[in-house]
Amino acid sequence: MATTAATSSVQEGSTLSAFLALIWISWKRQARARQMVWIALGLLVFSLVAVYLQTARDRWGMHHWRWPRGRDPKALTYLEAVNRLPLVLAVVQPNAPGQAVQHAVFGATRTILSPEARVSLPSTTDQPRYGDRLACSAFQVFSQAVVFSIFLTFLLPLWSLSFGTEALGGDRENQSLLWLLSRPIPRPLIYLAKFLALLPWCIGFNLGGFALICLMAGTPGRLALQLYWPAVALATLTFAALFLLIGAYFRRPAVIAIVYSFCLEVVLGNMPGYPKRVSVGFYARSLMYERAEDFGIQPDRPSVFLPVDGQTASLVLIGAALLLVGLGMWMFSRTQYHEVE
Amino acid sequence: MPELLDSADPGRRDRHLGQMQNPSEMPKAEGEVPHAELPLSRERKDQPLLLCQRVSKWYGPVLGVNQVTLELRSGITGLVGANGAGKSTLMRLITGHLRPDLGQVSIFGIDAWSAQAKRLVGYCPDVDAFYEEMSGWQFVEAMARLCGYSRTESRRRTEAVLHRVGMANRSDRRIRGYSKGMRQRIKLAQALLHDPALLVLDEPLSGIDPVGRAELVALFLELAEQGKCLLVSSHELEELEKLTDHVAIMARGRIAAVDTVARIRDRLADHPLTVRIDLRKNGGPLANGQSYRHHRDLAAQLLAEVPEVCGVEIVDSPHPLVGRLLVRARQAERFFVELNRLVLDECYEVIHLETLDSSTQAVLGYLLRK
Amino acid sequence: MSESVEPIQHGSLLHYRPWQGQLEDDSRWGVFLFVGVQTVLFTVMATISDLHWLRLACILLFVALWGLVVRSRAWPITRVALLMVFRRKLFWVIYTLAVLVFLLFFFGQYLMSWALTQFGETEVRVGGMGRANPKFLVDLFRDQLKMNGSAEMFRNFFWYEGYTVMVILALAGSILVGNDIRFGSLAFYLSKPISRWDYLIGKGLAVAVFVNLITTIPAVLLFVQFGMLEDWNYFLEQSRLLVGILGYGLILTVTLSLVLLATAVWVRKTVPLIMTWTTLFLFCRLLSEALVNNLQFDPRWRLLDLWNSTMYLGHLCLGIQETQIRPWPQPAWEETALVLGGVCCLCLSYLILRIRGVEIVT
């Protein structure tokens, strides 16, 4: 090497360049196909197939529901029966109160079941024209069966923790955190860089996966995507910050994160009163319930669930994410990692 | 690679930074890392490069490092100690991976825990963990980028250090396929990237073949000549003695001694010296009609007539015709005079005489027993 | 273990001492024999209707036969595996939960029985609705809380303890089996005079003992406690319930042991193992509930949910009425049993194939 030339062009490393380089390297390293990512991908594919099968068979709405289950007529059959009711009653010639009851029953049934009864959509939104209440039931069924039940309870935390715990936890586990801690980058910046590198993967996988599932479900899915994506994005942000913190602090981050997601979140989320307000899922649900209120989406027992309004939920989720990242930076700057040696 | 230098410890010649040559003025070998001018103010130049002041570190109830005070300026210093003596903990404290519970570790007066201090320290750890999915080149370049260099500068430095550690033409393979020696060289390469003033090398020669060792030893000597300060830990004491005779010996978390092996040995004069004496059992007749005497007689005479002898052990010899004694004696000079007299006067045929504890290993043994 | 073993004459089952397993395949035959005898005993005690004493004798024999496992050659492996599981501090938090559940039922039963003895024949006024005997009210309260030694009480107990077991097994799977394959300890085991079957049986037994320690044994203790608090006739009259408890425990044991061993051998590491278990027992549960409850699919979709199948069959063992089973509707029990049996067979086949594939390098 031409030493004179080399010496003359020697430059000091800059912290900003190192920080940006760390984000880039960490982002690339997150892409390594690990067993957890494969399982997450497998679950996505499995969910997509399940949703696709429902869509292909047009099973989302309540039009095929029977009551009592499995044996008796569908909802539309009831409507036909109600439509024939005036003809029957004309023969009976009921008195005035009887006629009033007849009209009330007939009107209510038509309101609920008739394809002509349009759903009053909020004027501020520009959702696709959505059909009758029965068709709207598809959105409710999709929300309950897929969004709240499977996605929010299971897939979102699982996908977030697959990436979140790996960001620092993986480096700790295979002892390669040592290389980062040997570089002249302030420790809080290492933590922040890891978080920033993690975010595209977490948000990409969660929001992308959610979008795929929704789009696979057709019309109700598209509406769900339009209404729920902010909640999904914010919940992902908070989960990512939380799981990164768990990865930085605990020796077995994935185990702790799984126990948190599927034990603590579920237990807290189902508790009456206010304890549930420390769970991330509660705020995501509150935000979703508010956004989809006009479509009849609400908690099973609102008086027990006690949702907060959407603005509060958003603020809490963002605030929690910022707080967790700040806390993580502070803790990371003080923690000595014995296992990296 | 440069030739192996004759001097065991060239760095010792100018141990003070004040006397250090300007690295940029020194002739460089091809492929050498360009030196960054250390931002040394006048007062910094007077400061020791590494200063550990009464440093203690606990692992729960276990005391890893106990009141260690150590000051290094330049040259190579060996860090020797048994397993669990606290060497690695001390290195982690120096490289800012651990924080002392008591005391302070500073590099040119900067707290070793801080990011600025890490610009001055290169660390070659004992841990065998890498970004396994990367090639050697990619890994070293990534480390250069993490030092904050631009892409061009990173590439230039990567190329230079890989050349320097002898990995230039083998660095395009993935690290997971590397041998232990190659991995060791990559670790060394990343430590040299930012041209640090202090190099902390934890077992840098382990797993490297003899030819590779000679090359790396030469590299360390060359770095020391350039005024760098190297702290090298090793269990390979023979290798370490080739590298430097200046050692810090650690025992039970304390620095038991810091000096040259010979001086440490001198300070231990009161400690018994162990000497191995091999004698021929059935020596032939002498001109005066006498025959050589048996080794057991010598053992008896040593015990009876030489007051410096503390004990004699008759041990099995690998050869049936050779008798072997292990003699422990104080006051080495007087003991050897007496031994000489006995051998000549009493007709013993000595075929081998060896002092067993002049090596670093023996000194270490003494200190650890202390 | 007995070292002075005699040569075995093949073809004569009478000469086998299955719990000592002298040859490579002895353990396998031993297990077949053991399972066969246990199945016969279980069938007898489940089908006897009036002969309570005979049923109790069968139960005792059934339980006593389990004692033989301590003498099997696989027992040291079991013991070591159990020690590994009980040594982990993290698990003690979950064990504490399991103990708390047991104590809740134990003292719940005791409290209710004690309360019943505290009232005389006097009546108390109940709001404005008239007068009632307090004993009747406490009895009512006890029935509502299901602290009455009934099948529903044991259903609740198994429900809570089953979850605890599932969580611990998810965390402990890699310690029990995965690490042996991942770090090469399996070859170490097999280089000893231990056959592959011994290894498999040993690990399976460890899971079985663990599951029973947390579910069946405490349930039997609760049964005994209630009988002693109430009336000795309870043991005879409710001996069918005791069979149900053993049956429930057996279903949990067999299913969880085989599924755990198979998944742990497959994925080995702790985290993927937990994810696999979460998928099997939580995701599949959510999915099947969504399909059957929300999308009004056929109840057979519940067969996706292994945990539901295990619990459903367990409830039937306890003799719970169909109307009391939650969630409802469920598929036919024969279909559930078939699917569960199929899963167990699949796991066993995979295990045999996988264990055969391990080579001992000396």
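Side chains are part of it too, since the values below use all heavy atoms of this structure and drop only hydrogens, waters and symmetry mates. Every chain is numbered from 1 and lettered A, B, ... according to where its sequence line falls, protein lines coming before strand lines.
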Assess the side chains of C:Y248 and C:T215: does a donor N or O sit below 3.5 Å from an acceptor N or O?
no
Under 4.5 Å heavy-atom distance to chain C, tell me which part of A:F142 shows up: side chain, backbone, both or neither.
neither
Residue A:L155 versus chain C: region with a heavy atom under 4.5 Å
side chain
Need one label for A:T165: side chain, backbone, both or neither, based on atoms under 4.5 Å from any heavy atom in chain C.
neither
Look at the aromatic rings of A:F282 and A:F305 and report parallel, tilted or perpendicular, splitting at 30° and 60°.
tilted
Looking at A:W159, A:F148, A:F262, which one forms a ring-ring contact (aromatic ring centres under 6.0 Å, His included) with A:F154?
A:F262
Does C:F283 have its ring centroid less than 6.0 Å away from the ring centroid of A:F46?
yes
Tell me, for C:L295 versus chain A, whether the close heavy atoms (under 4.5 Å) come from the side chain, the backbone, both or neither.
both
Out of A:I258, A:I150, A:V259, which one racks up the most heavy-atom pairs below 4.5 Å with chain C?
A:I150
Would you check if the distance from the ring center of C:W159 to the ring center of C:Y163 is below 6.0 Å?
yes
